[in-house]
Protein chains: 2
Amino acid sequence: MTQKAQAPKKRSNLRDVAKAAGVSVATVSRVLNEPGVVKKDTLEKVQKAIAELRFVPSAAARAINSGRTRFVGALIPTLDNAIFARFLAALERKLSDDGLSLVVATTDSDPDIEAAKAKGLVDIGAEGLIITGASHSPEFYELIERTMMPTIITSYFDNSNPLPTIGYDNEAAAKLALRHLIELGHRRIAVVHGPIHNNDRTQARLSGLHSLSWEGELTTFETEISLRGGADAAARIESNSSKPDAILCLSDVVALGVLFGLQSKGVSIPEDVSLMGLDDLPSSAVAVPSLTTVHLPVSRMGERAAIALARWISAQERPQPERLEAKLIERSSTIRNAVLNE
Amino acid sequence: MTQKAQAPKKRSNLRDVAKAAGVSVATVSRVLNEPGVVKKDTLEKVQKAIAELRFVPSAAARAINSGRTRFVGALIPTLDNAIFARFLAALERKLSDDGLSLVVATTDSDPDIEAAKAKGLVDIGAEGLIITGASHSPEFYELIERTMMPTIITSYFDNSNPLPTIGYDNEAAAKLALRHLIELGHRRIAVVHGPIHNNDRTQARLSGLHSLSWEGELTTFETEISLRGGADAAARIESNSSKPDAILCLSDVVALGVLFGLQSKGVSIPEDVSLMGLDDLPSSAVAVPSLTTVHLPVSRMGERAAIALARWISAQERPQPERLEAKLIERSSTIRNAVLNE
DNA sequence: TTGACATATGTAACTAGTTTCATCAACCTT
DNA sequence: AAGGTTGATGAAACTAGTTACATATGTCAA
């Protein structure tokens, strides 16, 4: 009600300040950008005017001249999986070092949403994009091509992709995990994975598994990528008549969920069944039992992507693809198959 | 090397398109913004020119006219704690509905970093800010005041704060938790909390605990807010000569860490000691035993903050503070104190 | 056939900064 | 004292769009 009696005077601009200080707009601009070249008392006069008029330079007007908006966009499937949060954290940190801000958009793994949000990011002036995975909609590619937007693909590696990829080899990572279980003597392995639809990373991991030839069998279970999803899968596995020697989850969150699910049913890990994840979340090291997994270098991936994108934008250097190595992390949730050893 | 032989021709602009299509700039602008009013063959002519010249309108030039950049900034302590990731996810989702993008900046709970990043967000043209908690640096407040930036504080509620707050009452939430433990008959309670330095939410929760008068004692343990931090605290609590009846962790991540830490030492929960968290992460419901906690409505907080900020920006309606209720969630990690009952 | 009106388009002035070039005074040199 | 250099400032052009206003057709009714 007594909500400020002042006139709703609009924001003041450079010209207002120049007039108030009795100088030219050029001088005000200099005060803002190279105060060193302005005589001391002129400087003070102008700064006084700036303060009095509460002048705040318009970012848009600056951007129109410099052609730089100083921010990039990241399109990620979801923030609800800690793995993307970790990636974003590293990305934001490094971009910030280069004076770039990060606009985050989530796509829910839907290529249409991705295309729409990418359009939105371009519309508000993003100077570059970070995206996830291999498959995207035609509209998306059309947009990237038309705008010549510097765009880096993460979370998977492919030398031959026309866009630079910075990521790991999902097939190889999954194989690494499976090989470990095979070496431990496991022969009947349950594989728990997230939705295949629209998720090329999951697809690649699965095809990695199937490409391995060995004497044993895989049974696959699809579930939601969440703790709850893992717990559900555990219930399904348990209710099955034939019990696996080992369970391989293609995400750590799911593995943790399976761990909880089995624990609540009184199944001991790794005594009754070996359990393995893939990602290496911080939780996995602390869980009881600690989770054997394959480490995906997502923080490093974030850093590398940030550096590459910043260079691409500021120096027009198109980045080289970068393959980051996944690494087996042996912890306590997997042991040698006892039956086989007898 | 054979990197495109084409001339490095700069981006084409409205004038170029107008010239190529043989029309005025106004017509091109109309084609972009109200295609309906342009005659069909003119429209096609212009669209052809746009396509040929690969014309992409400059976001900055648009922004300079509309005065709108269509994005807001969020300053959060960290992305490594799932609670903020959840908050951000909700925030981004709702902002996106209003055509606003979200720029994320992390502060590491450092007021100076926060002030610097806030400055950066304003510099790139953010139309509003979402910040976390009560305490901020003088430079930060000076910036908000000078730029009259619409700014909403989240993660805590305070009617009397000059900036609108949308959040919960941290003192009350902590009291809710403690009261539950007291009602269960626990008298010696270990409290595990995150760093107090620069963290007003933790401070408020602690002061809530200390404001309760009851016949029993609190022992506090400070640790890092992470699973590892919780596990460490568990070790410290265990090595203490006097064992608590219950452990109250002021964050769920920490509680989960404590859970794992105790499990690995063979301590049974809740039989040997009751354990309680505060936050209500998805993990807490799935953990074994499932974690009694106090639910903080962070998703709802994100939505409400998004709606309020969008309205503030587009309709100059300064939001009313909103208090969101924390709620006790009883699960299996707490039971009645057996000793007391004998 | 002329006036009234709608439709389509163009001209030029705006938005808010940066930047180039010119100007002028002050100082230094010879 | 004339000429050269430096320092500080201003005028105006420039960035890339939007938009108010003017103008040129075309259609229809009187």
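Just so you know, these numbers use all the heavy atoms, side chains as well, and skip hydrogens, waters and symmetry mates. In what follows, every chain begins at residue 1, and chains take the letters A, B, ... in the order their sequences are listed.
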* **Any Ser24(B) side-chain N or O less than 4.0 Å from OP1/OP2 of dT9(C)** => no

* Are any of Ser29(A)'s side-chain N or O atoms less than 4.0 Å away from OP1 or OP2 of dT18(C)? -> yes

To the nearest angstrom, how far is [X] atom [atom1] from [N] atom [atom2]?
| X | N | atom1 | atom2 | answer |
| --- | --- | --- | --- | --- |
| Asn33(B) | dT9(C) | CG | P | 16 Å |
| Glu44(A) | dT9(D) | CD | P | 12 Å |
| Lys45(A) | dG10(D) | NZ | C1' | 12 Å |
| Arg68(A) | dG17(C) | CZ | C1' | 17 Å |
| Leu32(A) | dT18(C) | CG | C1' | 11 Å |
| Glu34(A) | dT9(D) | CD | P | 12 Å |
| Leu14(B) | dG10(C) | CG | C1' | 14 Å |

Spell out, as yes or no, whether a donor-acceptor pair under 3.5 Å connects the side chain of [X] to the backbone of [Y].
| X | Y | answer |
| --- | --- | --- |
| Arg68(A) | Glu127(A) | no |
| Asn161(A) | Phe157(A) | no |
| Asp200(B) | Ser135(B) | yes |
| Thr132(B) | Leu75(B) | yes |

[X] side chain near [Y] side chain, heavy-atom distance below 4.5 Å:
| X | Y | result |
| --- | --- | --- |
| Phe84(A) | Pro77(A) | yes |
| Lys40(A) | Glu44(A) | yes |
| Phe71(A) | Val103(B) | no |

* Can you establish whether the number of heavy atoms outside Lys45(A) located under 6.0 Å from its atom NZ is more than 12? => yes

* When you look at CD of Glu145(A), are more than 12 heavy atoms from neighbouring residues, nucleotides or ligands closer to it than 6.0 Å? -> no

* Asked: Would you call Arg93(A) and Asp97(A) a salt bridge, taking side-chain N to carboxylate O under 4.0 Å as the test?
  -> no

* Asked: Can you list the residues that meet the side-chain contact (heavy atoms from CB on, under 4.5 Å) rule with Ile113(A), with sequence neighbours excluded?
  -> Asp108(A), Asp110(A), Lys117(A)

* Could you list the residues that satisfy side-chain contact (heavy atoms from CB on, under 4.5 Å) with Asp98(B), not counting sequence neighbours? => Ala310(B)

Protein-nucleotides 12-15 of chain D N/O pairs under 3.5 Å:
unit_1  : atom_1 : unit_2   : atom_2 : d
dT15(D) : O2     : Asn65(A) : OD1    : 3.2

* Decide side-chain contact (heavy atoms from CB on, under 4.5 Å) for Phe55(B) and Leu32(B); before the verdict, give the C-alpha distance in whole Å, the side-chain angles of both, and the deciding distance to 0.1 Å. => CA-CA 11 Å; Phe55(B) 167 69; Leu32(B) 260 28; 3.7 Å; yes

* Structure fact -> In short, the helix from dT1(C)-dA30(D) to dT30(C)-dA1(D) is bent end to end, axes from five pairs each side, to 10°, by 50°

* Asked: Would Leu88(B) and Val104(A) count as a side-chain contact (heavy atoms from CB on, under 4.5 Å) if you check the C-alpha gap in whole Å, the side-chain angles of each, and the deciding distance to 0.1 Å?
  -> CA-CA 9 Å; Leu88(B) 270 197; Val104(A) 173; 5.9 Å; no

Protein N or O to nucleotides 21-26 of chain D N or O, pairs below 3.5 Å:
none

* Asked: Which part of the nucleic acid, if any, lies within reach of Gly22(B) when heavy atoms closer than 4.0 Å are counted: base, sugar-phosphate only, or nothing?
  -> sugar-phosphate

* Asked: Which part of the nucleic acid does Val28(A) contact within heavy-atom distance under 4.0 Å: base, sugar-phosphate only, or nothing?
  -> nothing

* Which residues within residues 47-60 of chain B lie with some heavy atom under 4.0 Å of an atom in DNA chain C? -> none

